[in-house]
Structure formats: C-alpha cells, structure tokens
Amino acid sequence: MKTLILGNEAVARGLYEAGCSFVSSYPGTPSTEITECAAKYDELYAEWAPNEKVAMEAAFGACLSGKRSFCAMKHVGLNVAADPLFTISYTGVNAGLIIGVADDAGMHSSQNEQDSRHYARAAKLPMLEPSDSAEALAFARLAYELSEEYDTAVLLKMCTRVSHSQSVVETGERVLPAQKKYEKNPGKFIMMPANAKKRHPQVEARTRALTAWAETAEINRIEDGGDRSCGIITSSTCYQYVKEALGDTYPVLKLGMIWPMPEQKIRSFAASVDRLVVVEELDGFIEDHCRGLGLEVSGKELFSDIGELSQNLVKERLGGGVQAGASLDEEIPARPPVMCAGCPHRSIFYVLKKMRLTVLGDIGCYTLGAVPPLGAIDTTVCMGASVSGLHGFVKAGDRENAGRTVAVIGDSTFIHSGVTGLINIAYNESNATVIILDNSITGMTGHQQNPTTGYNLKGDPCTKIDLESLCHAVGIKRVRVVDPYDMEACQSVIKEELAADEPSVIISRRPCALLKYVKHPGPICSDTEKCKGCKACMSIGCPAISMVDGKAKIDATLCVGCGVCEQLCKFDALVKNPSAG
C-alpha cells in the first residue's frame with residue numbers, strides 16, 4: 001500500500017517491517033517521532049529511557065538477548081551515548097542493532113550544528129543516510145541485514161528536513177526473524193584489554209569488507225546527466241536540492257551509505273566528468289574523503305559549512321539563473337520564541353531577574369528565560385551542565401558568588417543528567433542552590449512522559465520517581481517545594497536557601513499549562529479605567545498581554561488565568577474573572 005508519511009514515521013515503519021522487537025530512546029527533536037510512531041505498533045516494545053546512554057545500552061542488551069533492537073536520539077544525544085557507542089563497535093552484535101541519530105543543520109531546535117557523520121568514521125561503524133521517506137523505510141530494513149551480516153551496529157542518520165518532510169512510501173508486511181540464541185562469549189562481549197585487543201583487528205577487517213560492499217551497493221548509485229562538464233557527489237536532503245534545482249543536467253553520484261564510502265566507484269565517477277563537485281551540508285565530510293583519494297574536488301568554497309543549503313543556492317552556484325520570488329511591500333516583524341501563556345517557568349525567571357541573581361541555565365522550555373524581557377539566564381551549554389557548572393562556579397568563587405548564584409533545570413533534564421551533578425554538589429559540599437523546574441512533563445520536545453510523571457511511553461501508569469526523596473537520598477538535606485505562581489513565596493524561599501550554609505534544592509512545581517488534564521480558572525480581566533499604562537505587566541513577557549491605546553489588554557483566547565500579571569499590577573487593573581470563582 002502506498003501512503004504519504006513523515007521520514008521519522010517511515011523509519012518506525014521500517015523497524016516494524018524488519019521485525020524489530022525493542023525500542024529505547026530519549027526524546028530529542030528532530031528524532032522524537034520515530035519512537036512515538038514505533039510505540040503505536042503493539043508488536044514492538046517501546047520506551048523512553050532517562051537519557052541516550054541508557055537507551056543505547058538497553059538496546060544493546062536487547063540485541064544481545066537475540067532480538068532486533070533500535071535506539072534513537074538527536075545529534076547532541078549521540079555525545080551522551082558516545083561511551084557505549086565506541087565499545088559496541090568492538091563487541092559487535094547478536095541480533096541486529098540500529099542506532100538512529102537526527103542532525104539539525106540550521107539549529108532549528110538545537111544548541112549546535114555538529115555533524116554526526118564524524119562519529120561513524122571515528123567509531124568505525126557503518127552509517128546509512130536516507131534522502132526521503134521511502135529510503136528511510138528501506139534503509140531501516142537494510143540496516144538490520146547489514147548489522148547481522150557484518151556483526152555491527154548500524155547508524156541511521158536522519159536530518160530535520162528528511163525527518164519532518166513527507167513523501168510517498170510503499171509499505172510491506174512485518175517479517176519477524178527467528179530469535180537468535182544468546183550464547184556466552186567472553187572474548188566477544190567482555191571488553192577488558194586482552195579481549196579488546198583481539199577485537200580491534202576484526203573491526204578494521206569489517207570496515208574493509210563494508211567498503212567493498214559499498215562499491216556495488218544499490219544505495220550508492222550513479223544517475224546519468226547530459227552535461228559531463230561537471231559531476232556531483234551528494235547525499236541526504238542535499239540530493240533532493242540538487243535534483244530539484246538541476247534535474248538531470250549533470251551526472252550525480254548519490255551516496256546512501258555515507259560511511260564507509262566506496263573508493264573505486266568515486267574514482268571512476270570522477271574520471272568520467274571534467275569537474276567534481278560535492279554538495280553537502282555542514283562539514284566537508286565527503287569532500288575530505290575525495291581529497292584523501294587524491295582527487296581534485298570543489299565543495300566548501302562553493303557551499304558554506306554553516307547552516308542549511310537550499311535549491312536556490314545550489315542552482316545559483318552550479319546552474320545559474322535563480323528565479324526571483326515574490327516580495328512583500330511590508331517587512332514581516334520578527335517572532336522570537338517565547339514561553340506560553342501561563343507557563344509556570346515565567347514567574348520564577350521574573351523573580352530571579354528581580355533579585356539580580358546569576359542563573360546557570362539548561363536545556364528545555366526554560367531556556368527561553370534568556371529571551372527579553374526576562375533575560376534571566378547567564379549560561380546554557382548542555383543537558384545537566386547547569387547543576388555541574390553551578391558547583392564549579394560556587395566552589396571557585398567567593399562567598400558573594402555563592403549567595404547570588406543558582407542553577408535551573410527541568411524535571412526530565414534533571415533525571416537525564418542533572419542528578420549526577422547534584423551528587424557532586426552533595427559529595428564535595430558546595431554551598432549551591434539548585435532550582436528544579438518541575439512541570440510534570442518533557443515539554444519542549446512535545447509532551448513526552450519521563451520517570452517523574454508516573455506514566456510510561458504508552459501512557460500506562462508506572463513507577464514515579466519522587467524528586468524530594470531522590471534529592472534527600474543523594475545527600476541534600478534542604479529540599480523545598482514552591483508554587484511558581486506565588487511569586488512572593490518563591491522570592492522568600494530563594495532568599496532563605498541562598499542564605500543557608502549548606503547545599504539546597506528548590507522544586508518549583510506546577511504542571512505545564514498546555515497539558516490536557518490541567519484545568520484553568522479562566523482568563524484575567526483587564527479594567528481599562530484603572531489601568532495607568534505603566535506596563536509593569538509587560539515585564540513578564542506573556543504573549544496574552546499587549547498594550548492597546550496605552551492600556552493593558554488581555555487576549556482571552558490565550559490567557560489561562562495564572563494570576564502572575566495580577567501580582568504585578570499596583571492599581572488592581574488586572575483581576576481574576578469573577579465568574580471563574
């Protein structure tokens with residue numbers, strides 16, 4: 001049956017058809033939907049893991065038991081999982097193992113633009129790179145065949161444009177392979193030095209064998225073009241840009257396996273054209289490989305290693321004559337991302353800014369606390385870095401620093417990698433205050449469950465991690481819980497904990513305003529007669545509040561009635577809806 005689906009959904013379908021039985025992932029845009037879609041198949045066990053390292057290790061355990069398995073993450077998540085990744089390359093697999101990683105060129109929802117292809121080369125693992133949904137499905141199925149034939153985990157590299165675009169696929173039936181028997185094999189799976197030394201030569205031999213496979217693999221194909229003055233090597237979404245911009249003008253070598261790459265096929269292709277050009281996003285990965293083969297090639301002098309490419313850019317650099325698009329008479333105003341109306345994080349950041357504190361931030365919705373008018377965050381590096389960084393900042397600083405510095409981290413991020421930083425604070429006794437922003441969900445990636453919510457990926461009740469007990473268990477004696485909508489109480493508690501002579505945790509607990517089960521009191525009412533136009537209510541940056549004719553106006557379609565703006569108004573111009581009770 002033919003159907004139009006997202007690239008991520010196609011990967012999930014490929015896992016299903018190939019007989020995958022176990023999926024463990026941590027949500028991260030643009031990879032999240034692979035696991036969410038996989039969970040819809042009852043034949044697959046699917047879960048959210050606390051972090052990417054755990055997900056990869058769980059998937060490895062499942063493949064070790066004899067079942068085909070999969071884990072997914074975004075590009076920065078692969079950093080977290082790099083430890084098992086490099087050693088799994090040495091052990092190989094029992095049943096097939098696919099590791100899905102989605103890059104984010106253009107940084108639509110990420111803190112960097114790293115290129116995951118380098119991990120494939122460094123870890124010496126094969127990497128397949130689909131260019132549309134049909135290939136996403138087919139490559140997932142192929143990856144299991146390669147995994148089991150060559151005794152290796154296989155990386156399946158997606159990117160934002162392939163993950164989140166739709167194209168036609170033809171679905172097939174699920175074929176469940178016979179479960180492989182687990183047999184104890186210390187030399188293969190116990191990576192102590194003596195065994196690892198023996199495995200390394202096998203890894204190198206495997207790379208040579210996969211390079212030979214790549215020479216004739218159908219996924220590395222040459223498409224003829226009429227003008228041989230130029231030949232293009234490309235892959236992934238850049239292949240789509242080349243075909244849309246240039247059609248069949250030039251010959252194209254389209255690489256489906258991006259590592260290891262063929263050698264003789266590339267040399268032969270280069271010899272058949274007058275000029276060799278590589279079209280790829282981010283780093284010159286293919287280009288460097290071609291130069292390593294001794295070929296003269298153009299690449300990054302034509303196409304930037306920053307951000308995404310486009311059809312127009314490809315046509316401009318290789319085909320000339322770009323059609324001008326329609327222009328608007330008026331400039332469209334910028335629409336920077338902001339926290340939602342009623343977001344429980346907003347008031348905490350307002351208080352932190354008011355107190356003029358140094359705030360070490362983390363990854364999640366609350367990163368938007370750095371955006372004006374709040375502008376309350378000083379740093380954002382990676383998952384968990386706020387807690388670990390706070391320890392170093394306080395330990396290395398003076399008493400004044402300790403008394404004016406906090407870390408903020410979400411509930412899911414705290415479980416992901418913040419708890420180890422808190423253990424460090426307790427163990428090495430830094431006078432640090434950590435604020436856990438507990439909104440009862442993994443918010444920024446689209447409301448996924450996590451170990452603190454009490455529900456699993458399928459929405460079934462499960463063990464709920466008690467944050468207060470966890471903090472006490474790792475050695476934090478002072479643990480306070482506050483309602484972020486009560487700004488006066490929040491400020492009072494923060495002052496008290498900063499003044500304490502020992503480490504402390506403040507849990508700011510209020511569910512995300514967008515959760516379906518959360519009931520709101522109704523919108524705040526604005527009294528234009530009482531409003532003085534002082535704009536104090538605007539200082540929290542709530543999208544439900546605007547100034548019209550010098551008076552504060554509440555958008556009733558956005559306002560949830562959190563009451564934070566009401567606390568800021570000195571003239572009682574903003575009040576709860578009387579009918580709401």
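Only a predicted model underlies this, so the values are computations on that prediction, with no experimental measurement involved. For reference, positions follow the sequence shown, starting with 1.
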Enquirer: Please give me the minimum heavy-atom distance between Glu47 and Ala58, naming the atom from each residue.
Expert: OE2-CB, 4.1 Å
Enquirer: Could you go step by step and tell me if Thr358 and Asp378 meet the side chain to side chain donor-acceptor pair (under 3.5 Å) rule?
Expert: CA-CA 6 Å; Thr358 298; Asp378 290 77; 4.7 Å; no
Enquirer: Would Asp483 and Arg510 pass as an ion pair if we require N to O under 4.0 Å?
Expert: yes
Enquirer: What distance separates Cys71 SG from Leu156 CG, expressed to the nearest 0.5 Å?
Expert: 11.0 Å
Enquirer: Side chains of Ser110 and Val76: closer than 4.5 Å at any heavy-atom pair?
Expert: no
Enquirer: Going by atom types alone, do Ser24 and Tyr45 pair a side-chain donor with an acceptor below 3.5 Å?
Expert: no
Enquirer: For a 4.5 angstrom cut-off between non-hydrogen side-chain atoms, does Ser236 reach Val162?
Expert: yes
Enquirer: Is any side-chain heavy atom of Val154 closer than 4.5 Å to a side-chain heavy atom of Leu97?
Expert: no
Enquirer: Got a salt bridge between Glu468 and Arg480, using NZ or NE/NH1/NH2 to carboxylate O under 4.0 Å?
Expert: no
Enquirer: Can a donor-acceptor pair be found, under 3.5 Å and without considering hydrogens, that links the side chain of Ser304 to the backbone of Ile306?
Expert: yes
Enquirer: Taking NZ, NE, NH1 and NH2 as the nitrogens, is one of them in Glu9 or Arg13 under 4.0 Å from a carboxylate oxygen of the other?
Expert: no
Enquirer: When you compare the side chains of Gln114 and Asn79, does any donor N or O come within less than 3.5 Å of an acceptor on the partner?
Expert: yes
Enquirer: State, yes or no, whether a side-chain contact exists between Cys63 and Ser69 at a heavy-atom distance under 4.5 Å.
Expert: yes
Enquirer: May I ask you to test the Gln491-Lys495 pair for a side-chain heavy-atom distance under 4.5 Å?
Expert: yes
Enquirer: Before giving the answer on side chain to side chain contact (heavy atoms under 4.5 Å, CB included), spell out for Leu568 and Ser539 the whole-Å C-alpha distance, their side-chain angles and the decisive distance to 0.1 Å.
Expert: CA-CA 9 Å; Leu568 298 176; Ser539 61; 3.9 Å; yes
Enquirer: Is Leu457 close to Gln449 at the side-chain level, that is, under 4.5 Å between some pair of heavy atoms?
Expert: no
Enquirer: In Å and rounded to the nearest 0.5 Å, what is the CZ to CG distance from Phe60 to Leu85?
Expert: 12.0 Å
Enquirer: Flag the pair Lys477 and Glu502 as a salt bridge only when some basic side-chain nitrogen lies within less than 4.0 angstrom of an acidic carboxylate oxygen.
Expert: no
Enquirer: Applying side chain to side chain contact (heavy atoms under 4.5 Å, CB included) to Gln166 and Ile5, what does each step give before you reach the verdict?
Expert: CA-CA 5 Å; Gln166 292 182 321; Ile5 59 175; 5.9 Å; no
Enquirer: If the test is side-chain hydrogen bond (donor to acceptor under 3.5 Å, both in side chains), which one of Thr442, Thr445, Asn439 qualifies with Ser412?
Expert: Thr442
Enquirer: What is the minimum heavy-atom distance between Cys238 and Leu309, and which atoms define it?
Expert: SG-CD1, 3.8 Å
Enquirer: Within the side chain of Asp362, is there an N or O that forms a donor-acceptor pair under 3.5 Å with the backbone of Thr413?
Expert: no
Enquirer: What's the shortest heavy-atom distance between Cys537 and Cys565, and which atoms?
Expert: CB-CB, 4.3 Å
Enquirer: Are the side chain of Arg346 and the backbone of Cys340 linked by a donor-acceptor contact shorter than 3.5 Å?
Expert: yes
Enquirer: Ignoring hydrogens and angles, tell me if any N or O in the side chain of His472 forms a donor-acceptor pair with the backbone of Ile476 under 3.5 Å.
Expert: yes
Enquirer: Test side chain to side chain donor-acceptor pair (under 3.5 Å) on Ser167 and Asp132 and set out the steps.
Expert: CA-CA 7 Å; Ser167 58; Asp132 58 22; 4.8 Å; no
Enquirer: Taking 4.0 angstrom as the limit, do Glu52 and Lys74 come out as a salt bridge?
Expert: no
Enquirer: Using the side chain to side chain contact (heavy atoms under 4.5 Å, CB included) rule, take Val564 and Ile540 through it: C-alpha gap first, then chi angles, then the decisive distance, then the call.
Expert: CA-CA 9 Å; Val564 172; Ile540 55 173; 4.0 Å; yes
Enquirer: For Tyr26, enumerate each residue passing the ring-ring contact (aromatic ring centres under 6.0 Å, His included) test, keeping only those at least two apart in sequence or located in another chain.
Expert: His416
Enquirer: Apply side chain to side chain contact (heavy atoms under 4.5 Å, CB included) to Tyr455 and Asp460, showing your working.
Expert: CA-CA 5 Å; Tyr455 297 91; Asp460 299 325; over 6 Å; no
Enquirer: So which of Ile423, Thr420, Val505 actually passes side-chain contact (heavy atoms from CB on, under 4.5 Å) with Val474?
Expert: Ile423
Enquirer: OG/Ser310 to CZ/Arg161 distance, rounded to the nearest 0.5 angstrom?
Expert: 10.0 Å
Enquirer: How about Thr453 and Lys464: does a side-chain donor come under 3.5 Å of a side-chain acceptor?
Expert: no
Enquirer: Tell me the closest heavy-atom pair linking Ser440 and Asp411, and the distance in Å.
Expert: N-OD2, 3.4 Å
Enquirer: In Å and rounded to the nearest 0.5 Å, what is the CG to OG distance from Leu78 to Ser31?
Expert: 11.0 Å
Enquirer: Between Tyr41 and Tyr16, what is the ring plane arrangement, given parallel below 30°, perpendicular above 60°, and tilted in between?
Expert: parallel
Enquirer: Will you find, in the side chains of Ser116 and Asp103, an N or O donor that is under 3.5 Å from an N or O acceptor?
Expert: yes
Enquirer: With no hydrogens and no angle check, do the side chains of Thr160 and Asp104 hold a donor and an acceptor under 3.5 Å apart?
Expert: yes
Enquirer: A quick test of your reading: do over 12 heavy atoms of other residues, nucleotides or ligands sit less than 6.0 Å from NZ of Lys67?
Expert: no
Enquirer: Are the side chains of Leu352 and Val408 in contact, using a 4.5 Å heavy-atom criterion?
Expert: yes
Enquirer: Can you run down the side-chain hydrogen bond (donor to acceptor under 3.5 Å, both in side chains) pairs that involve residues 562-572, sequence neighbours left out, and say none if there aren't any?
Expert: Glu566-Lys576
Enquirer: Can you check whether Leu437's main-chain N or O pairs, donor with acceptor, with Ser508's side chain at less than 3.5 Å?
Expert: no
Enquirer: With a 4.5 Å heavy-atom cut-off, do Leu498 and Val406 have their side chains touching?
Expert: yes
Enquirer: Could you report the tightest heavy-atom contact between Ile348 and Pro484, atom names first, then the distance?
Expert: CG1-CB, 3.8 Å
Enquirer: Looking only at heavy atoms, what is the nearest atom pair of Cys512 and Pro344, with distance?
Expert: CA-CD, 4.4 Å
Enquirer: Checking side chain to side chain donor-acceptor pair (under 3.5 Å) for the pair Asp115/His75: CA distance, chi angles, key distance, verdict?
Expert: CA-CA 8 Å; Asp115 191 329; His75 60 293; over 6 Å; no
